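Comments concern the structure below.
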Protein chains: 2
Amino acid sequence: MFASLDGFLRLALLVSMLAFAFASWLYQWVNRQPSSNPRVAEVGKYIRDGSYTFLRAEYKELAKFAGILAVLILIFLPKGIWLGNPAENVLMAVAYLAGTIFSGAAGYIGISIATIANIKSAEAAQQGIRSSFMASFRGGAVMGMSVVGSVLLGVSCLLYITDNTSVLLGFSFGASSIALFAKAGGGIFTKSADISADLVGKVELGIPEDDPRNPAVIADNVGDNVGDVAGMGADLFDSNVASISAALVIASVLDKGMGSVVNASMVICFATLGLLSSMIGVSMAKMGEKSNPTQALNNSTYITTAIFVVVTGIATSVLGYNWRIWGASMVGLAIGVIIGMVTDYFTNDEKPPVRATAKAAETGPAFTILSGISYGFMSVLPPLIGIGVSSLVAYKLCEPIGEGYAMFGIAMAAVGMLSIVGMIISNDAYGPIVDNARGLVEMGDLGEEALEATDILDSAGNTVKAITKGFAIGAAGLTVIALLGAFMSEVNEAAVRLGLVGISGFDIMDPTVFFGMLVGGGVPALFSAMLMLGVSRNAQRMVVEIHRQFNDIPGLKEGEPGVVPEYAKCIEIATSGALKELVPAGAATIGITLLVGYVGGVKALGGFLCGNIVTGLLLALFMSNAGGLWDNAKKFVESGHHGGKGSDAHKAAVVGDTVGDPFKDTAGPSINTQITVVSLIASLAATLFLTMSIF
Amino acid sequence: MFASLDGFLRLALLVSMLAFAFASWLYQWVNRQPSSNPRVAEVGKYIRDGSYTFLRAEYKELAKFAGILAVLILIFLPKGIWLGNPAENVLMAVAYLAGTIFSGAAGYIGISIATIANIKSAEAAQQGIRSSFMASFRGGAVMGMSVVGSVLLGVSCLLYITDNTSVLLGFSFGASSIALFAKAGGGIFTKSADISADLVGKVELGIPEDDPRNPAVIADNVGDNVGDVAGMGADLFDSNVASISAALVIASVLDKGMGSVVNASMVICFATLGLLSSMIGVSMAKMGEKSNPTQALNNSTYITTAIFVVVTGIATSVLGYNWRIWGASMVGLAIGVIIGMVTDYFTNDEKPPVRATAKAAETGPAFTILSGISYGFMSVLPPLIGIGVSSLVAYKLCEPIGEGYAMFGIAMAAVGMLSIVGMIISNDAYGPIVDNARGLVEMGDLGEEALEATDILDSAGNTVKAITKGFAIGAAGLTVIALLGAFMSEVNEAAVRLGLVGISGFDIMDPTVFFGMLVGGGVPALFSAMLMLGVSRNAQRMVVEIHRQFNDIPGLKEGEPGVVPEYAKCIEIATSGALKELVPAGAATIGITLLVGYVGGVKALGGFLCGNIVTGLLLALFMSNAGGLWDNAKKFVESGHHGGKGSDAHKAAVVGDTVGDPFKDTAGPSINTQITVVSLIASLAATLFLTMSIF
């Protein structure tokens, strides 16, 4: 059975089906939980409908975008269709569309369960914290299993059918397109809703945060789902596909040399075992009598990790894989955990950075900002060193195996790091579900005890979120290094096909490379600036609409019974605005990439990717960590320190949190996707720019 | 006479002497201007004494630091002294010390004239704006001429005596040490004084900005001088030396190959002609009847540029230099001007970014911050593209000449860009002088007309400052690329000496290079974070002292006549604190550089430099531009827009300005120096890490 790659692919298909079955069981389980409160059901329905409104609008835009890109791919990639072999171009376009559909479907499933699980979890909180935990966690796990199941299903189907690893880059690019829309678009949506709701509600009218009179309040809750559930899921879908694709592209070159499938099979095998480990980890998760939710979440992550280490070890031994490559995977896994711990240090309110920033809030908003920016800057170096060291170690570990294995080692480190991604997504999707549940408990008036339970669950969600966010950025870091390797493989394969001289690397001292590097270095800054300005503009539009409703709907401001604001209108504006703001940012990024390729050819593109990775990681880590830090500094002040709620320090901390919101929820995490998109475009267009460039 | 390099060096010596003579004439001219007001004289003396207090303390610390480094250089550089040829080590240590002394002396001269010119300029304002302009501009020009004169004197003397270009790197490193202390230390000083004076004076007690009761008010004025005059002078001294040294190191390798001195002589010749052009430009500067000061400053810059273009063209034709290399210099010059224009766009209050940020201030401090950060991020890409394109064009222009000329072209682009640096420094030093003069006019009560005149002069200073700042960063960008080339030259020369295989470049795909790149990319973030946190801590210390004085000195708070605060005490605290905060930041940077070299050898160091350049330029541009933008947005609001002074928008704009202050005056401009320091250490330690590294 293990003799050919097909065997592995069939196994992968089987396991992905198992994951879907498991997800479906979890879905049913969550759906079976009792719910009865009509007020919770009503608000829950608003959130659910709003989320679907956004998804539908997003997918409609995306369909146009994907359609255009599919046509362009058909014409130009992997090389001009007029140059013969149109079947390859058709295959690439189909793979691209498949990538968008698979990722989109996973996001849809995630939203669909998250907007059920929030209700179930809210009502379960009346029975106690443990049942509420189970409802939210299993809701999140549906998303985790669906995402990783879809990744494995898509990759193995494509490989089974086409037997061509380059096609995987098309699939991966499709996933990136979705991630760009879901993460950046969702990020703009969620923050503009959040900010405009606060500006008019809390600041102007002085009504509480989740007041149902506020027309933007449902949009704000929808934002948690579309940004954090669908967006984050698409992001990790993207990284996961990219890491596996990059590893397979490199493996196929190695395997071709020896006429075997050992390396490719190892990639498939490890990815499959990662999903299996996550399934076991998820099924074992529960809150003990005396444990807390953070412990429960962390325990299941540790269990998953331990199982993965053991089963891949057994597989390596039984199937005769090279232990050095196994070691590289383990290095990646370890560094993911370490980066998570660093993120925790900089964003945990029991550690000095958050404490110092909360204290700085006493001296006013300017010092809160300066302190957060400073610690945010500081938080960047340790993960960068971690990624650098792990790629160096993985490389050196696998270098002795033979030519080309060093880069394969890095790719396998990324695969290793992302192996437990099913578990990570489950933990991460848990966060917005309990956040929503907490809101529902409040709006449905389910009692003090339930509120307390969901408060504890929510706080655990925030802690775990910081760790998984660090993990996601680290994973993206290693993945894009592997993609850089895949890019070079693509370039050289194309060069051979075209009878051109290939390239042996990208020398910094070559000014074409250096030019690309400087330009690539500036792109993440431009991209995040455009997203953040988009949030501001979109929030302004929503403010206008909120004002209109308060003025035009009689009795709304006064809270007369039966008077309901037009929630859907706000959701519509947030949706269309978010997509409108996203397009120029995405187009600028893609346009500059193509321009650099046209000016400097593949060498400039190599430099471009490299500069993009370095400053992209820098800014992503900076913005995510600074944002998390300000958020927790505000919560620390609110919990009664430095004057507590309502004090001047609190006002200053709120300014920090408001700046941090688009940092950590819009721009920061979108940069990951920006890097992946750019890397994939470069790989896909490698052939094009080999033959067509100014320098 | 032009047959040998010695002839050129003698000419350079002559011109540098001429520059000193000119500076001395300007000094006398400024000193001869009338001054009579006793109050102005008194406050002026406080500022002067305070500036010397800082300089003395700084130079004392620096002497220790330089002493230790000189000993380390003596032992380890260019290679372990135990490996033979101790004379080389002695020479390197001496060159290093000479670099510190020359740069230090230029800074001392600058401070000495700036603290005279401020008084003269204040009193001249009573006679009208044109006399006041002349006093400030000629004061600034003393600094300009001294700095560039010292650079040329130092470089040509060293070369004349030793005939060894590597020694120049030692000289350059000495200049960088001073720049690190002057720019970063001065930056911490000036901002902690500024912030603490405002916090206690304006915020707590509600007394005006320049109230003489405030013990920190003189420290604040001193800060303008030590940060902007001495600091900026040291920074440009450093860049200028580095660009000439890098070009000479590369030229010497080229010349050795053909047994001539043509390339080295071209470097010396162009640098000499640049100084001559600046002298002519400075001597022609004056404000016409109907012109404004900005025009006057810009006109003299254009005159200098035009003269430089013509005379280097003549020199190239007469001396038979290669026109391609001349072209590369012109490309550098042009791109410097373009970068200045981009900076102007993002920081000028007549352009959209400042206007939008001022408007955002209406919605509160968080949006002011987000808007400034967004436009700051956006402002980064055009200059990066500019630097990338200019290095690419310079490279491609000179590549056909022969092997090695391509990198020489980049070095000559940097030399070309910095050729008019004498003029740039003159314009830049003009800023803090008129700023001080304005304060003196107010404190000395010299009348409305004088205040109006100095207001106009001050505003011109701010506009020109933004342009020169962009210019300085662009120059640093090209210089460090040239230094990267010099680093490789050094590595290969050392490899030949040691019988090792040299390196042909730094391949991004080599994980050692990539590891270095990621770590190097994180360093500027860490460095700026440490400086900014240093400002906060130091400001806290000063606040304690200001409180103490208001409590302990009877009658101070009430403003009883004859009661004077202990200004010197505040200056002392600002000084010792600034140096204390600076040392860890500098030590961390240097330590990490050496560690990376030890771990990954010269390849990792090459990557390290590259990552450092990319993110260093990114952060330097971001912080300088965002800071300038906030400053001008605040001024725009203060001039009566969006509610004007005292409005909520004004308060929000002040928060932006306070965040921007350490951005633009401490961290941003210090990153230049950090990059240069790191590049030079890498070059100097090249031999060491060729033989001693883990990987």
Side-chain angles (χ1 to χ4, degrees), chain A residues 199 360 363-367 369-371 373-375 377-378 380-381 384-385 387-389 391-392 395-396 406-407 410 481 484-485 488 505-515 517-519 521-523 525-526 528-529 532-533 536 606-607 610-611 614-615 618 622 655 658-659 662 695, chain B residues 199 360 363-367 369-371 373-375 377-378 380-381 384-385 387-389 391-392 395-396 406-407 410 481 484-485 488 505-515 517-519 521-523 525-526 528-529 532-533 536 606-607 610-611 614-615 618 622 655 658-659 662 695:
Chain A
L199 268 182
T363 1
F367 294 95
I369 299 293
L370 281 172
S371 178
I373 288 181
S374 301
Y375 285 112
F377 275 160
M378 275 194 178
V380 162
L381 191 59
L384 284 182
I385 293 178
I387 297 171
V389 167
S391 64
L392 184 57
Y395 189 102
K396 293 286 174 190
M407 191 47 79
I410 294 179
I481 299 178
L484 202 60
M488 203 169 81
F506 305 98
D507 182 4
I508 295 168
M509 305 306 291
D510 180 335
T512 323
V513 175
F514 201 88
F515 155 77
M517 181 144 28
L518 284 175
V519 180
V523 166
L526 177 72
S528 13
M532 288 194 287
L533 288 174
S536 295
C610 184
V614 174
T615 67
L618 180 96
F622 160 57
V655 171
T658 311
V659 171
F695 283 105
Chain B
L199 269 181
T363 0
F367 294 95
I369 299 293
L370 281 172
S371 178
I373 288 180
S374 301
Y375 285 112
F377 275 160
M378 275 194 176
V380 162
L381 190 60
L384 284 182
I385 293 178
I387 297 171
V389 168
S391 64
L392 184 56
Y395 189 101
K396 292 287 175 191
M407 190 47 79
I410 295 180
I481 299 177
L484 202 60
M488 205 170 80
F506 304 98
D507 182 4
I508 296 169
M509 305 306 291
D510 179 336
T512 323
V513 175
F514 201 88
F515 154 77
M517 184 143 31
L518 284 175
V519 179
V523 166
L526 177 72
S528 14
M532 287 194 288
L533 289 175
S536 296
C610 185
V614 174
T615 66
L618 180 96
F622 159 58
V655 171
T658 312
V659 172
F695 282 103

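We name chains A, B, ... by the order of the sequence lines, and we start the count at 1 in each one. Every value quoted in this text rests on a predicted model; they were computed, and no experiment measured them.
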Is chain A contacted by the side chain of B:Ser536, its backbone, both, or neither, given a heavy-atom distance below 4.5 Å? side chain
Given the options A:Val523, A:Ile481, A:Ile410, which has more heavy-atom pairs under 4.5 Å with chain B than any of the others? A:Ile481
Closest approach of A:Pro511 to B:Ser391 (non-hydrogen atoms, all atoms of both residues): CB-O, 4.3 Å
Contact winner vs chain A - B:Ala406, B:Gly522, B:Ala525, heavy-atom pairs under 4.5 Å: B:Ala525
Heavy-atom side-chain contact between B:Val659 and A:Ile369 under 4.5 Å: yes
As an exercise: rank B:Leu392, B:Ile387, B:Val655 by heavy-atom pairs under 4.5 Å with chain A and give me the winner. B:Leu392
In terms of heavy-atom contacts, A:Cys610 and B:Ile508 come closest through SG-CG2, 3.5 Å
Looking at every heavy atom in both A:Asp507 and B:Phe506, which two are closest together, and how far apart are they? OD1-N, 2.7 Å
Which one wins on heavy-atom pair count under 4.5 Å against chain A: B:Tyr375, B:Phe377, B:Phe622? B:Phe377
Enter the distance from B:Leu618:CG to A:Leu618:CG here, rounded to the nearest 0.5 Å. 7.0 Å
Heavy-atom distances under 4.5 Å only: say whether B:Met488 touches chain A with side chain, backbone, both or neither. side chain
For B:Phe515, enumerate each residue passing the ring-ring contact (aromatic ring centres under 6.0 Å, His included) test, keeping only those at least two apart in sequence or located in another chain. none
Among B:Val380, B:Thr615, B:Leu370, the residue with the most heavy-atom pairs under 4.5 Å to chain A is B:Leu370
Does some side-chain heavy atom of B:Ile385 sit less than 4.5 Å from a side-chain heavy atom of A:Leu518? no
Indicate the atoms forming the closest heavy-atom contact of A:Ser374 with B:Ala529, along with that distance. O-CB, 3.1 Å
From the list B:Leu199, B:Leu533, B:Val519, B:Leu526, the residue making the most non-hydrogen contacts under 4.5 Å with chain A is B:Leu533
Against chain A, work out which of B:Pro365, B:Ala366, B:Gly611 has the most heavy-atom pairs shorter than 4.5 Å and name it. B:Ala366
